[in-house]
Amino acid sequence: MNQNPEIPAQTDITEKRAAVEKELRLAKEYWLRTIQPRIAGRILRGVEFFVAQHAHWQLQKAVEKAGDWNRLCAEKTDGAHLPVSVDVDLSAENFRAPEVPEMLFADNVKPEILAAIAAPLVKTNAKLTPGEAIHNAHELLMAAERYIGTLPEKKEGTESFIADFDTAFSTVTFAEIEVSNKKTSGQLPLLPPIAPKRKGRPEQEIGEQPLSVPAIRAAVKHFLDERTPRISQEQYEREQEQQDRLAKAGMLIQLGSGRPRSYQEWQQSNQDAIDDCLKNNRISLQDLCTMRWERFKKNSQDQQNRAIAREAKKTGDKPKAPKTKLPKSAASSPLAAGKRQK
């Protein structure tokens with residue numbers, strides 16, 4: 001019989017604090033090491049913007065959790081709740097969220113402004129007559145109007161949410177990922193390599209080698225196999241009932257047909273998504289972001305475990321590796337919690 005009931009409570013508090021502190025540290029390192037250096041001073045669009053935005057959301061979430069924990073500590077007087085250090089200023093230049101410049105939306109761009117900017121860039125060795133100059137100016141104006149036609153309209157409210165959802169479940173090819181990973185691409189690496197321990201090769205050298213398409217395919221397959229939910233039919237139906245109640249109460253937006261899927265249809269949908277990925281060499285943007293983040297966390301944990309093992313070998317102690325199993329959430333981003341219904 002436990003004579004000191006405070007010990008389990010103290011252990012639980014310590015573990016909760018450690019989890020909050022760890023998530024903040026990993027989110028900060030993830031942003032500073034894999035995102036911020038490759039986007040600084042650049043205008044992001046499309047896939048790059050979504051990946052950077054997802055990473056910054058992870059950072060925001062970790063900062064918010066640390067803030068919640070510290071507020072709880074301020075309310076407690078038991079001496080057991082210790083605050084965590086929050087050394088992230090989201091308004092600072094190196095932690096600022098990626099933004100879409102207003103000029104990237106059709107409503108905010110005038111063709112005559114673009115033409116005026118482009119005119120000095122048009123170089124010619126011949127002197128133009130007034131008529132030729134006017135002709136060139138008109139061509140620039142028409143080109144600017146055509147370009148503006150390719151820009152998206154800015155969406156607000158529900159339309160914006162639906163547009164983000166569509167982007168999340170758009171796909172990225174393995175070939176596009178391979179190109180982005182090269183140092184010469186000038187892009188944000190969509191799936192940076194991790195550095196497994198290999199004899200005779202430093203981890204930094206391994207980590208700088210871009211992944212080939214076969215390596216990307218193998219990594220995606222492993223991720224999808226591991227991430228496929230394995231729940232019983234009873235659990236699935238309970239979750240469906242809860243989602244239906246939230247939707248009827250106006251607390252959940254349902255996209256697609258809105259028709260509830262059976263457990264068998266849901267399982268088949270998951271398998272179809274995996275088959276589509278591997279057959280067509282592509283992955284949804286949302287899955288890519290989640291995979292990128294989870295690979296970083298696992299690699300960080302593996303590095304920590306190796307450091308602990310090396311230290312234990314020096315001292316002759318038996319290594320006590322921390323838990324490597326990371327919590328998984330049904331919702332991997334604020335946009336969606338599952339596969340889109342077709």
Side-chain angles (χ1 to χ4, degrees), residues 19-67 70 84-105 164 167-168 170 172 176-196 202-211 216 219 223 283-304 307 326 329 332-335:
V20 170
E21 192 172 45
K22 178 181 178 181
E23 184 173 348
L24 179 60
R25 174 179 58 80
L26 288 175
K28 175 186 171 183
E29 290 178 2
Y30 182 62
W31 174 260
L32 291 178
R33 287 169 54 184
T34 77
I35 301 291
Q36 199 272 337
R38 300 300 291 267
I39 68 171
R42 296 179 54 223
I43 295 176
L44 303 181
R45 297 180 66 178
V47 173
E48 283 189 293
F49 176 76
F50 191 92
V51 172
Q53 188 182 45
H54 183 275
H56 198 270
W57 172 73
Q58 295 286 356
L59 182 61
Q60 286 178 300
K61 185 176 67 169
V63 170
E64 289 172 3
K65 284 186 177 180
N70 287 347
V84 298
S85 174
V86 181
D87 55 349
V88 175
D89 180 2
L90 295 176
S91 65
E93 184 67 28
N94 58 335
F95 289 118
R96 192 171 298 162
E99 296 181 3
V100 179
E102 293 296 319
M103 287 288 285
L104 290 183
F105 295 107
D164 288 344
T167 301
S170 62
V172 184
E176 290 172 321
I177 295 172
E178 181 188 35
V179 169
S180 76
N181 287 346
K182 295 178 180 177
K183 288 183 178 181
T184 56
S185 72
Q187 301 176 38
L188 176 67
L190 298 180
L191 192 63
I194 56 177
E203 291 181 355
Q204 182 178 356
E205 178 187 333
I206 299 168
E208 290 177 350
Q209 296 297 319
L211 296 175
I216 293 169
F223 167 75
I283 184 174
S284 79
L285 185 49
Q286 178 60 52
D287 280 343
L288 176 65
C289 289
T290 304
M291 177 182 177
R292 198 181 190 279
W293 166 236
E294 291 187 358
R295 275 165 60 87
F296 178 84
K297 289 194 294 183
K298 184 179 184 303
N299 186 51
S300 295
Q301 185 67 70
D302 289 345
Q303 289 179 337
Q304 183 180 352
L326 299 170
S329 170
S332 54
S333 85
L335 296 177

key: Validation row: Gln187, Val179 side chains within 4.5 angstrom (heavy atoms)   = yes
Interatomic spacing from CG in Leu26 to CD in Gln58 - rounded to 0.5 Å = 10.5 Å
query = Residues in salt bridge (charged side-chain N to carboxylate O under 4.0 Å, His left out) with Glu29, at least two apart?
reply = Arg25, Arg33
request  = Using the six-membered ring wherever Trp is involved, compare the ring planes of His54 and Trp57 and label them parallel, tilted or perpendicular (cut-offs 30° and 60°).
outcome  = tilted
request  = Take Ile39 and Glu48, measure what side chain to side chain contact (heavy atoms under 4.5 Å, CB included) needs, and give me the verdict at the end.
outcome  = CA-CA 9 Å; Ile39 68 171; Glu48 283 189 293; 5.7 Å; no
query = For Lys28, which residues count as a side chain to side chain contact (heavy atoms under 4.5 Å, CB included) partner, sequence neighbours excluded?
reply = Leu32, Leu59, Asp87, Val88, Phe95
Partner set under side chain to side chain contact (heavy atoms under 4.5 Å, CB included) for Val20, not counting sequence neighbours = Ala66, Trp69, Val84
message = Within this structure, what is the CZ-CG distance for the pair Arg96 and Asp89, rounded to the nearest 0.5 Å?
response = 9.5 Å
key: Closest heavy-atom pair and its distance - Pro192, Arg295   = O-NH2, 3.4 Å
request  = Check side chain to side chain contact (heavy atoms under 4.5 Å, CB included) between Arg38 and all other residues, then give those that pass, not counting sequence neighbours.
outcome  = Ser185, Leu188, Pro189
inquiry  = Less than 4.5 Å apart, side chain to side chain, heavy atoms only: is that true for Gln53 and Leu44?
reply    = no
Ile177 side chain near Leu211 side chain, heavy-atom distance below 4.5 Å = no
query = Can you tell me how far CZ of Phe50 sits from CG of Leu190, rounded to the nearest 0.5 angstrom?
reply = 12.0 Å
Trp293 side-chain N/O to Ala27 backbone N/O, donor-acceptor pair under 3.5 Å = no
query = Who pairs with Arg292 by side-chain hydrogen bond (donor to acceptor under 3.5 Å, both in side chains), at least two apart in sequence or on another chain?
reply = Tyr30, Thr34
task = Could you tell me whether the side chain of Lys297 reaches within less than 4.5 Å of the side chain of Lys22, counting heavy atoms only?
result = no
query = Excluding sequence neighbours, so at least two apart, what forms side chain to side chain contact (heavy atoms under 4.5 Å, CB included) with Glu64?
reply = none
query = What are the two closest non-hydrogen atoms of Trp31 and Pro98, and how far apart are they?
reply = CH2-CD, 3.8 Å
